[in-house]
Amino acid sequence: MMLGSFEINVLQKITVSEEIQQIFDKATKIEGAKRELMLYLGKKESNSVDYAYISRTVPAVLNPAPRYELIMVNVPYDNSNMKNYKFNATTIIEDIGKGMLGGIRCSSAEEATIRILNSLEADRFIRTFNSAVDNTKKIEKGTEEEMALVKKVQEYHYDVELYLGYKPVAFANYYIAEVKNRETEVKGIQLVTVNNPKEGSIIVEIKDIL
């Protein structure tokens with residue numbers, strides 16, 4: 001790993017080490033929300049160590065709307081005092097809220113872990129994602145914007161890691177995937193939006209998370 005660059009090393013929540021879990025717990029328990037570690041993404045070392053996670057977060061308010069966040073925790077090498085931890089949370093997607101229509105519905109913590117669930121529903125989400133990747137890479141005609149997306153998808157190998165939720169009116173599902181550039185072999189993390197029309201699933205948007 002080059003000093004100052006992120007080492008992507010994705011781990012599902014059931015396989016993280018005690019140290020990685022404790023860093024997450026200590027950094028996030030001081031905030032006004034319940035945060036559950038869903039995915040460990042990796043770390044970056046320089047003058048300190050930055051740890052990256054995906055969290056499912058439920059605010060400590062009446063009728064909370066859950067959300068998924070990118071959690072960054074900066075830990076000094078002398079990490080004996082947790083008060084020295086620097087904590088940052090960036091929203092990836094957020095539930096529209098109870099009784100509201102038209103927006104995103106976040107998955108439950110259990111539904112999200114499609115890589116470790118042994119269920120037909122989890123298998124269906126994985127198949128849909130993989131089919132969307134394959135179908136998108138085969139697209140030959142479209143607008144300039146659509147073909148730019150196709151080209152970007154073609155540059156990567158995709159491993160789906162989490163199912164974050166859906167948007168019913170748009171037939172859209174949201175996933176977190178680990179990606180690796182086919183030419184450079186550099187790894188990254190993407191938020192991938194998949195549409196599921198009757199004619200076949202396709203990727204309609206990707207956002208680089210890490």
Side-chain angles (χ1 to χ4, degrees), residues 5-10 12 38-39 41-42 52-56 65-72 90-97 100-108 111-117 119-210:
S5 62
F6 254 99
E7 177 187 20
I8 302 297
N9 180 30
V10 173
Q12 296 287 330
M38 301 302 298
L39 202 66
L41 303 179
Y53 305 85
I54 301 292
S55 165
R56 188 179 191 276
R67 61 181 180 264
Y68 284 94
E69 296 176 324
L70 171 66
I71 302 292
M72 303 293 295
T90 303
T91 298
I92 300 173
I93 67 167
E94 185 171 9
D95 196 283
I96 192 173
M100 303 297 288
L101 300 174
I104 293 172
R105 296 295 180 187
C106 287
S107 60
S108 69
E111 289 171 333
T113 56
I114 55 177
R115 287 293 297 272
I116 58 178
L117 276 179
S119 73
L120 293 176
E121 186 75 355
D123 290 344
R124 182 178 67 82
F125 282 126
I126 292 173
R127 287 197 304 270
T128 298
F129 179 88
N130 291 337
S131 177
V133 172
D134 292 340
N135 291 341
T136 302
K137 288 181 176 181
K138 295 174 183 176
I139 293 175
E140 297 180 349
K141 294 181 180 180
T143 66
E144 183 176 346
E145 183 178 358
E146 289 169 342
M147 295 313 295
L149 175 64
V150 171
K151 182 179 179 182
K152 187 168 184 179
V153 173
Q154 290 172 339
E155 292 174 355
Y156 292 97
H157 171 77
Y158 283 81
D159 285 316
V160 64
E161 298 291 347
L162 287 177
Y163 168 67
L164 301 190
Y166 65 100
K167 190 174 185 179
V169 296
F171 301 102
N173 288 301
Y174 300 89
Y175 299 86
I176 291 293
E178 178 183 356
V179 300
K180 183 169 73 172
N181 188 286
R182 293 181 177 275
E183 182 176 338
T184 67
E185 297 192 346
V186 172
K187 293 182 178 181
I189 304 295
Q190 292 180 355
L191 170 66
V192 182
T193 305
V194 171
N195 272 17
N196 300 299
K198 291 181 179 179
E199 55 269 27
S201 58
I202 58 170
I203 294 174
V204 294
E205 186 177 23
I206 52 178
K207 293 182 179 179
D208 294 318
I209 301 298
L210 197 64

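For the single chain, residues carry numbers from 1 onward in sequence order.
- Separating the CE atom in M72 from the CG atom in L41 is a distance of 8.5 Å, to the nearest 0.5 Å.
- Considering only residues two or more places apart in sequence or on other chains, T193 meets the side-chain hydrogen bond (donor to acceptor under 3.5 Å, both in side chains) condition with none of them.
- Remark: I54 CD1 to L162 CG distance equals 7.0 Å, nearest 0.5 Å.
- When the side chain to side chain contact (heavy atoms under 4.5 Å, CB included) test is applied to I116, the partners found at least two apart in sequence or on another chain are Q12, I14, T113.
- For the pair V150 and T136, the tightest heavy-atom approach, listed with the atom from each and the gap, is CG1-O, 3.4 Å.
- Qualifying side-chain hydrogen bond (donor to acceptor under 3.5 Å, both in side chains) partners for R124, counting only residues two or more places apart in sequence or in other chains: E121.
- Annotation: K137, atom NZ; neighbour count of heavy atoms from other residues, nucleotides and ligands within 6.0 Å is above 12.
- Once rounded to the nearest 0.5 Å, the distance linking CG of D123 with OG1 of T128 reads 10.5 Å.
- Annotation: side chain to side chain contact (heavy atoms under 4.5 Å, CB included) contacts of K138 (sequence neighbours excluded): none.
- Every residue meeting the salt bridge (charged side-chain N to carboxylate O under 4.0 Å, His left out) condition with E69, not counting sequence neighbours, appears here in chain and number order: R35, R67.
- Taking the side chain as every heavy atom from C-beta outward, I189 and E178 approach each other to under 4.5 Å.
- Side-chain contact between Y174 and K167 is present, with at least one heavy-atom pair separated by less than 4.5 Å.
- For residues 127-164, every residue pair satisfying the ring-ring contact (aromatic ring centres under 6.0 Å, His included) rule, not counting sequence neighbours, is listed here: F125-Y163, F129-Y175, Y163-Y175.
- Interatomic distance, CD1 of I92 versus CD1 of I209, reported as 4.5 Å (0.5 Å rounding).
- Judged by distance alone, the side chain of R56 and the main-chain N or O of S107 form a donor-acceptor pair under 3.5 Å.
- Residue pairs satisfying the ring-ring contact (aromatic ring centres under 6.0 Å, His included) criterion with at least one member in residues 190-210, sequence neighbours excluded, are absent.
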side-chain contact (heavy atoms from CB on, under 4.5 Å) assessment of I139 paired with L149: CA-CA 10 Å; I139 293 175; L149 175 64; over 6 Å; no

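- When side chains are defined from C-beta on, V133 does not count as touching V192, because their heavy atoms never get closer than 4.5 Å.
- Distance check, rounded to the nearest 0.5 Å: CZ of F171 to CG of N195 gives 9.0 Å.
- Between atom CD1 of residue I93 and atom CG of residue L164 there is a gap of 4.5 Å, rounded to the nearest 0.5 Å.
- Pairs passing the salt bridge (charged side-chain N to carboxylate O under 4.0 Å, His left out) check and including a residue from residues 140-166, sequence neighbours excluded, read R115-E161, K152-D208.
- Between M147 and G142 the shortest heavy-atom distance is SD-N, 3.6 Å.
- Residues passing the side chain to side chain contact (heavy atoms under 4.5 Å, CB included) test with A132, sequence neighbours excluded: V194, S201, I203.
- For N135, the side-chain hydrogen bond (donor to acceptor under 3.5 Å, both in side chains) criterion is met by S131, not counting sequence neighbours.
- R105 has its side chain within reach of D95: a pair of non-hydrogen atoms, C-beta onward, lies under 4.5 Å apart.
- Taking T91 as the reference, nothing meets the side-chain hydrogen bond (donor to acceptor under 3.5 Å, both in side chains) condition, with sequence neighbours excluded.
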